[in-house]
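Taking it in order: structure first as structure tokens, then the write-up.
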Amino acid sequence: APNQDQDPPDDPTPPSLWWLWLLLVLAVIAALAARIFLTQPGRLAARARTPEEAFEAWVQAVRDALGVMKLPPVPSESPMAYTRRLDGLHRLPVALAPLGRLMANVYYGKLTPVPEEIAQAQGVWQALFAALPPVRKAQVQLLRAFRRPPKGWLRKRLPARRKRAGRPRP
């Protein structure tokens, strides 16, 4: 009778670890989806501490869409001149001049945007995004997901530094 206490012969093939690779790919996809979700302009606007930050979230989304459409601003072009120039092209589904006027008021006039103006910027973003083809929509989402966030979004604001008493700086 053969000896049954012997070890079975070693299997020369390594164990299959295909499921680990699949798990890694799924984790990367989940992280990408979470990043895209967290960088949506609506989420950024909802997390904004001030009306200016909420307005800027929507305006930056509009800028991203226009950039993907290959319609960037010319250097040193004001918001009003930029939006008027784009309206003159007649290629966009929505007029941008009112948004340019709002941008100038907020940026240069230091006016606080009211909720209706923030909603207007949101409407411009939604109209531009809806008009994009699927490939450009994906391009905008990836651009927003991998761009460095603005300074105030992810960290707490530090209290303002107090001026030192004494001699003024030269």
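Owing to the predicted nature of the structure, the values given are computational and were not obtained by experimental measurement.
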Among V59, L102, V106, side chain to side chain contact (heavy atoms under 4.5 Å, CB included) partner for P113 =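 Single pass found, and it is V106.
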With sequence neighbours excluded, tell me which residues meet side chain to side chain contact (heavy atoms under 4.5 Å, CB included) with W19.
->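 Once residues adjacent in sequence are excluded, the partners of W19 under the side chain to side chain contact (heavy atoms under 4.5 Å, CB included) criterion are L17.
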Which heavy atom of [X] sits nearest to which heavy atom of [Y], and what is that distance?
| X | Y | value |
| --- | --- | --- |
| P93 | A131 | CG-CB, 3.5 Å |
| I118 | A54 | CD1-CB, 4.1 Å |
| L128 | L92 | CD2-CD2, 4.0 Å |
| V124 | A95 | CG2-O, 4.5 Å |
| A65 | L132 | CB-CD1, 4.4 Å |
| L38 | R47 | O-NH1, 4.1 Å |

I need the full list of salt bridge (Lys or Arg N to Asp or Glu O under 4.0 Å) pairs touching [range], with sequence neighbours left out, sorted by first then second residue.
| range | result |
| --- | --- |
| residues 73-85 | E77-R85 |
| residues 123-146 | D64-R144 |
| residues 107-125 | none |

With rounding to the nearest 0.5 angstrom, report the [atom1] to [atom2] distance, [X] to [Y].
| X | Y | atom1 | atom2 | value |
| --- | --- | --- | --- | --- |
| R35 | L142 | CZ | CG | 11.5 Å |
| W18 | L23 | CH2 | CG | 10.5 Å |
| L71 | L66 | CG | CG | 6.0 Å |
| R101 | N105 | CZ | CG | 8.5 Å |

Is it possible for you to say whether I36 and W58 belong to one hydrophobic cluster, with membership spreading through side-chain heavy-atom contacts below 4.5 Å?
->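 No, I36 and W58 fall in different hydrophobic clusters.
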Given the rule that I, L, V, M, F, W and Y join up when any side-chain heavy atoms are under 4.5 Å apart, are M103 and V94 in one cluster?
->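 Yes, M103 and V94 fall within the same hydrophobic cluster.
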Audit row: L86, Y82, side chain to side chain contact (heavy atoms under 4.5 Å, CB included) steps and yes/no | CA-CA 6 Å; L86 293 181; Y82 175 52; 3.5 Å; yes
Student check: side-chain heavy atoms of Q141 and Q40 closer than 4.5 Å =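 Heavy-atom side-chain distance check passes, below 4.5 Å.
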With side chain to side chain contact (heavy atoms under 4.5 Å, CB included) as the test, would you mind laying out the steps for F146 and L32 before giving the verdict?
-> CA-CA 9 Å; F146 291 110; L32 177 64; 3.5 Å; yes
Please step through side chain to side chain contact (heavy atoms under 4.5 Å, CB included) for the pair Q60 and L44, ending with a clear verdict.
-> CA-CA 11 Å; Q60 186 58 50; L44 295 176; over 6 Å; no
How would you list, by chain and number, every residue that makes a side-chain hydrogen bond (donor to acceptor under 3.5 Å, both in side chains) with S78, sequence neighbours excluded?
->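 Partners of S78 by the side-chain hydrogen bond (donor to acceptor under 3.5 Å, both in side chains) criterion come out as none, since no residue qualifies.
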Test log, rule side chain to side chain contact (heavy atoms under 4.5 Å, CB included), inputs L99 and F55 = CA-CA 10 Å; L99 181 64; F55 181 74; 4.1 Å; yes
Kindly state each residue pair satisfying side chain to side chain donor-acceptor pair (under 3.5 Å) with at least one member in residues 118-127, sequence neighbours excluded.
->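 Listed once each, the pairs would be none.
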